[in-house]
Amino acid sequence: MKLKEKMKHGLVFGVAIFTSAACAVEAVGNWGYDFVFLDLEHTPLDAEIGMEKLIMAALLTGVSPLVRTANEDEVVLRKLVEMGAEGVIVPHTRTIQDVEKIVQAVKFPPLGRRGSDSNVRAAGFGGPGFSYENYIKNQNSDTMIIPMDEDYEFTDNIDAILSNPSVDAINFGPLDYALSINVPIRYKMDDPKVAYAFKRLVEVARPKNIGVMAPCVPPTLEYTHELINSGVNMIIMGNDMWHFQNGIGKAANEIISVIRKEK
């Protein structure tokens, strides 16, 4: 089932991937998460060979691949969805014009201006049962566009941005939003200005059935409930490096340090 369909039935959970390890993506899928958040913005991954491997790992284990890009580059966006990404997450979306660029790249006419070729994974490489009509229809219906709300300009332009019918969800980025308004950064949205921006997003997005995505760091039951109660329905339960750092940190602090003192 596509992620967009799952969201009609309730909450969805994912994990962000900042490494190039396909095995990390497979692990997320094997544990039954709904989506994997594959990052191109803050990693050395390239948008072609490296990312294709991670998308394939996601598809192999049945977890929906969403890719955060570095910008709204038309060619990169098109290639990502052709490689099989179910959606694109685009950082620093500030205006309706930014959203329109994303739609133009990701959606086929009449919604956008995406070009078509059947020799891509999203089209089954033109194999058995391929139909251009069905391919275009399904891509326009199922492929998710997820701008990021991480700048004060997003809040200034929120009504216009969320008026575009091709916007499926918004990913709130508390760290960069805090940076944009020059307040201390943290995942917890407890600064009054950051909290206001997030609340405003929920107020405008949810009545339009637009999803709200946010990071749950640390991924605890208490904080998960807090995010759900605040209106989040797409929850990122940390990232691979966060879990890895916490795992090896715990071993270092609670086991290795004790043993070294014993010696």
Side-chain angles (χ1 to χ4, degrees), residues 3-4 6-7 11-18 28 33-43 51 58 63-73 76-77 80-81 85-96 98-99 101-103 105-106 143-155 157-158 161-162 164 166-181 185-189 194-206 208-217 219 223-224 226-228 230-240 242:
L3 183 64
K4 203 168 174 181
K6 286 184 180 180
M7 289 175 62
L11 301 167
V12 291
F13 297 88
V15 174
I17 301 295
F18 284 85
V28 173
Y33 285 85
D34 302 294
F35 67 91
V36 63
F37 178 119
L38 307 174
D39 190 70
L40 277 176
E41 185 185 13
H42 296 292
T43 69
M51 183 52 67
V63 60
S64 295
L66 305 177
V67 182
R68 177 165 67 179
T69 65
N71 52 45
E72 68 272 13
D73 182 275
V76 171
L77 288 170
L80 290 172
V81 292
E86 280 190 36
V88 292
I89 301 166
V90 184
H92 299 293
T93 305
R94 300 182 176 105
T95 67
I96 184 60
D98 293 338
V99 173
K101 288 179 183 178
I102 303 166
V103 175
V106 173
T143 304
M144 298 184 68
I145 289 178
I146 307 173
M148 287 196 69
D149 177 355
E150 54 182 351
D151 298 277
Y152 66 85
E153 293 95 334
F154 188 104
T155 305
N157 299 309
I158 191 169
I161 290 172
L162 270 60
N164 191 302
S166 291
V167 172
D168 298 292
I170 300 295
N171 180 21
F172 189 78
L175 299 185
D176 277 355
Y177 198 97
L179 279 173
S180 81
I181 58 174
I185 68 170
R186 50 185 164 272
Y187 281 108
K188 192 79 168 177
M189 294 173 279
V194 176
Y196 168 78
F198 176 73
K199 182 181 179 182
R200 178 72 177 138
L201 170 63
V202 173
E203 288 174 347
V204 180
R206 295 313 302 271
K208 295 175 179 286
N209 290 319
I210 294 173
V212 175
M213 176 190 289
C216 185
V217 180
Y223 193 30
T224 302
E226 185 177 328
L227 288 174
I228 293 169
S230 69
V232 178
N233 66 328
M234 304 177 72
I235 304 173
I236 307 168
M237 304 297 286
N239 63 72
D240 54 351
W242 188 93

Checking Lys6 now: which residues fulfil salt bridge (charged side-chain N to carboxylate O under 4.0 Å, His left out) with it, not counting sequence neighbours?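 So Lys6 forms a salt bridge (charged side-chain N to carboxylate O under 4.0 Å, His left out) with Asp34.
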Return the set of residues passing salt bridge (charged side-chain N to carboxylate O under 4.0 Å, His left out) with Lys188 (not counting sequence neighbours), or none when no residue passes.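 Partners of Lys188 under the salt bridge (charged side-chain N to carboxylate O under 4.0 Å, His left out) test: Glu226.
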If I take atom CE from residue Met51 and atom CG from residue Leu80, how far apart are they, to the nearest 0.5 angstrom?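 It comes to 7.0 Å.
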Report the distance from atom CD1 of Ile96 to atom CG of Leu162, rounding to the nearest 0.5 Å.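 Answer rounded to 0.5 Å: 8.5 Å.
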What residues, two or more places apart in sequence or in another chain, satisfy side chain to side chain contact (heavy atoms under 4.5 Å, CB included) together with Asp73?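 For Asp73, the residues satisfying side chain to side chain contact (heavy atoms under 4.5 Å, CB included) (neighbours in sequence not counted) are Asn71, Val75, Val76.
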Could you check whether any side-chain heavy atom of [X] comes within less than 4.5 Å of a side-chain heavy atom of [Y], counting everything from C-beta outward?
| X | Y | value |
| --- | --- | --- |
| Asn164 | Ile145 | no |
| Val167 | Pro147 | yes |
| Met148 | Ile89 | yes |
| Val63 | Val15 | no |
| Phe35 | Met144 | no |
| Val90 | Lys101 | no |
| Pro91 | Thr69 | yes |

Minimal non-hydrogen separation, Met237 against Thr224, with atom names: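 That closest heavy-atom pairing would be CE-OG1, 3.5 Å.
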So if I apply the ring-ring contact (aromatic ring centres under 6.0 Å, His included) rule between Tyr177 and each of Phe172, Phe154, Tyr196, which one comes out positive?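 Only one of Phe172, Phe154, Tyr196 forms a ring-ring contact (aromatic ring centres under 6.0 Å, His included) with Tyr177, namely Phe172.
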Step through the shown structure and confirm whether more than 12 heavy atoms of other residues, nucleotides or ligands are within 6.0 Å of OH on Tyr152.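 It does not: Tyr152 OH has 12 such atoms or fewer within range.
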Could you go through Thr93 and Ile102, starting from their C-alpha distance and side-chain angles, then the distance that decides it, and tell me whether this counts as side-chain contact (heavy atoms from CB on, under 4.5 Å)? CA-CA 10 Å; Thr93 305; Ile102 303 166; 4.2 Å; yes
Run the side-chain contact (heavy atoms from CB on, under 4.5 Å) test on Phe198 and Val212 for me, step by step, so that the C-alpha distance in whole Å, both residues' side-chain angles and the decisive distance to 0.1 Å come before the verdict. CA-CA 9 Å; Phe198 176 73; Val212 175; 3.9 Å; yes
